[in-house]
Amino acid sequence: MVSKDNARIQQQAFPTLPIEELRNTYPQRVIAPGDSEYEQARTTFYGGIDKRPAVIIRVANTDEVAHVITFARDTGLELAVRSGGHSVVGHCVSDGGIVLDLSQMRDLQIDVDSRFAWAEPGLTAGEFTHAVGVHGLATGFGDTGSVGIGGITLGGGVGYLVRKFGLTIDDLLAAEMVTADGQLLYVDEKSHPDLFWALRGGGGNFGVVTRFKFRLHEVDSAVGGMLFLPATAETIASFMELAEAAPEELSAIANVMTAPPMPFIPKEAHGKPIIMAIMMYAGDTAEGEKVIAPFRALAAPLADMLKPMKYYEIYQPEQEGYHPVAASRTMFMDYVDRDVAALILDHIKASNANMAVTQLRVLGGAMARVPADATAFAHRDSKIMVNVAALYDKPEQKETHEAWVAKLAEALQQSDVGAYVNFLGNEGEERIRAAYPNGTWERLAAIKAKYDPTNLFRLNQNIPPATK
Ligand SMILES: Cc1cc2nc3c(=O)[nH]c(=O)nc-3n(C[C@H](O)[C@H](O)[C@H](O)COP(=O)(O)OP(=O)(O)OC[C@H]3O[C@@H](n4cnc5c(N)ncnc54)[C@H](O)[C@@H]3O)c2cc1C
């Protein structure tokens, strides 16, 4: 029920929207300013994003998705599409517009024998991975379980299986989606192949995906978890060397940062530079222990939480209500030797952020065997994915931390000038183009012109429709 006061607030704020009519169409699933759920429903994973949508509609099925798309088109209001709410820049919420919230579309059909699954976008990476994992199967997503499968898949998907099986999109077999004209399309290699190519890396530019069909791999036992090592130029460079030389079963993420005051890290290490490594060997556990041994031997570990596990256990429960504010920059690098590692350490020590971190992920393997023009994600030859970030809580320090991030990113820049779209901030068209090099941008713009000529889906890392 909406109180009279709330109805008045809504009417004053957005006089053109037929909120009551919408409430009848989507019972209990329309949230507007003044509703008790509004604050929670407009919150995103990242803090510091304070957008106030005119209405949030939690759709339940494809027909409703089509209806909301048509409604948004008719009103002319900005449309935001939300799956897991982890957009780095809050693209899943509109300020003054409509949020099409897919979080309640959570169906999952697993075909164990044929090794594929149809999944709705309201599922998170962790939920999907657990559900298929009990069958000894997996599709690779990212490093965090609460990320939605919607956003991560459409941008590419770099995670714990990237070297063994490739990106998430390399396991995308088909999708169902609603385009700007409200049509439901089945999209795969044969049906709308241009759109299928664009979906695999082009983000939310082309329509709303209502179901993904993923290939499942046999992935059961694993060795994984976190390893905390003291960070010196030598340990960082050697870690990267080992990770590059390791078998493809191993994916390693090295977070170079200062040690937070966590109870399992010895007190004397708090505030000192560490490598917080997140590692996953997806395969035989005895073999995994052998592969991981040289990493453990790089220095006396400050904490060693690597252990045999089921693959899906890598996604552990996360802290509720955690909404960090971050300045960050995504980039790729060719190598991290001792000089580069020393440079990272100097910058990390100079930052006064709550957490200053340079995240290094070794790529290659299966991801690199896919031709660069096979999907809209084109960075197949990139060697290391890097994320420079500063987490802070005082808004007045925004500029300081952004400047720190920009300075370190500039110092680290090597020959690979690409960017990963899923980690891009509000950085302008030039950087979006960096995500889509070598003709990818032009090809995407042409497909955009065909399927979304009025740029209805523009609240994203936007690819404007090509003009003839
Ligand atoms: C803590 C954290 C860890 C991360 N780790 C990784 C990682 O390891 N690897 C990696 O590759 N990425 C990672 N990311 C980036 C992540 O992939 C993107 O932020 C992604 O967009 C989040 O997806 P979502 O569905 O949760 O987000 P949302 O905010 O709901 O969606 C983001 C955007 O994607 C589009 N979109 C989402 N769903 C749909 C849909 N069904 N149809 C059409 N468009 C849609 C929309 O444009 C939307 O604005 C991480 C992000 C965070 C915050």
Side-chain angles (χ1 to χ4, degrees), residues 42-47 49 51 59 62 65 68-69 78-94 97 99-103 105-106 119-128 140-162 166-169 175-180 187 195 198-199 201-212 251 253 255 278 280 314-315 318-319 322-326 328 330 357 359 361 363 367 377 379 385 387 389 391 420-425 451-452 456-463:
R42 73 185 183 93
T43 302
T44 64
F45 172 82
Y46 274 109
I49 293 161
K51 297 191 193 170
V59 289
T62 301
V65 171
V68 173
I69 288 174
E78 182 180 68
L79 176 66
V81 178
R82 176 177 186 135
S83 284
H86 278 55
S87 160
V88 177
V89 275
H91 281 153
C92 51
V93 188
S94 161
V99 177
L100 196 173
D101 184 334
L102 296 150
S103 60
M105 289 184 61
R106 302 165 49 77
E120 287 189 338
L123 292 163
T124 66
E127 289 164 348
F128 180 98
F141 291 99
D143 64 6
T144 303
S146 57
V147 167
I149 64 167
I152 191 169
T153 302
L154 296 173
V158 183
Y160 299 121
L161 300 177
V162 64
L167 302 167
T168 306
I169 49 169
E176 286 173 3
M177 65 185 294
V178 182
T179 43
V187 177
L195 204 44
L199 278 191
N205 274 284
F206 304 94
V208 176
V209 175
T210 53
R211 288 219 298 170
F212 295 95
S251 285
I253 304 175
N255 293 293
I278 311 175
M280 164 50 63
I314 194 72
Y315 294 125
E318 292 167 38
Q319 191 187 330
Y322 177 60
H323 299 294
V325 180
S328 69
T330 174
V357 55
Q359 181 180 76
R361 303 186 190 212
L363 305 172
M367 165 192 157
F377 178 103
H379 307 286
M385 188 162 85
N387 213 345
L391 273 56
Y420 175 41
V421 72
N422 268 347
F423 280 133
L424 265 187
Y451 292 97
D452 184 17
L456 177 70
F457 302 108
R458 60 185 176 277
L459 190 56
N460 43 41
Q461 298 297 354
N462 195 236
I463 300 156

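One-based numbering, in listed order, for ligands and for the atoms of each.
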Indicate yes or no: does an N/O atom of [X] lie under 3.5 Å from an N/O atom of ligand 1?
X	answer
G148	yes
G84	yes
G85	yes
V158	yes
Y420	yes
R82	no
L102	no
S146	no

Give the minimum heavy-atom separation between [X] and [Y], together with the two atoms involved.
X	Y	result
A180	Y451	CB-O, 3.8 Å
M177	V209	CB-CA, 3.9 Å
A119	I149	CB-CD1, 3.7 Å

pair L79-L459: side-chain heavy atoms closer than 4.5 Å: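 Of all side-chain heavy-atom pairs linking L459 with L79, none is under 4.5 Å.
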Starting from [atom], find the nearest protein heavy-atom neighbour and note its residue, name and distance.
atom	result
atom 45 (C) of ligand 1	L154 CD1, 3.5 Å
atom 41 (N) of ligand 1	V209 O, 3.0 Å
atom 50 (C) of ligand 1	F423 CE2, 3.6 Å
atom 27 (O) of ligand 1	H86 N, 3.1 Å
atom 39 (C) of ligand 1	S83 OG, 3.6 Å
atom 29 (O) of ligand 1	S87 N, 2.8 Å
atom 5 (N) of ligand 1	D143 OD1, 2.9 Å
atom 46 (C) of ligand 1	V81 O, 3.6 Å

Report yes or no: does F206 have a heavy atom closer than 4.0 Å to ligand 1?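 Outside the 4.0 Å threshold, so no.
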Any donor and acceptor pair, going by atom type alone, linking the side chain of S87 with main-chain N or O of V89 inside 3.5 Å? yes
Just how far is it from atom [atom1] of [X] to atom [atom2] of [Y], taken to the nearest 0.5 Å?
X	Y	atom1	atom2	value
S251	I314	OG	CD1	10.5 Å
T210	E120	OG1	CD	7.5 Å
Y46	L391	OH	CG	6.5 Å

Sorted by first residue and then second, give each salt bridge (Lys or Arg N to Asp or Glu O under 4.0 Å) pair with at least one member in residues 141-157; sequence neighbours left out. D143-R361
Please state whether the rings of H86 and F45 are parallel, tilted or perpendicular, taking 30° and 60° as the class boundaries.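 Plane angle under 30°, so parallel.
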Closest to atom 10 (C) of ligand 1 by heavy-atom distance, out of V89, L167, I152, is I152
Please state which option from T330, V162, D101, V147 has its nearest heavy atom closest to atom 2 (C) of ligand 1. V147
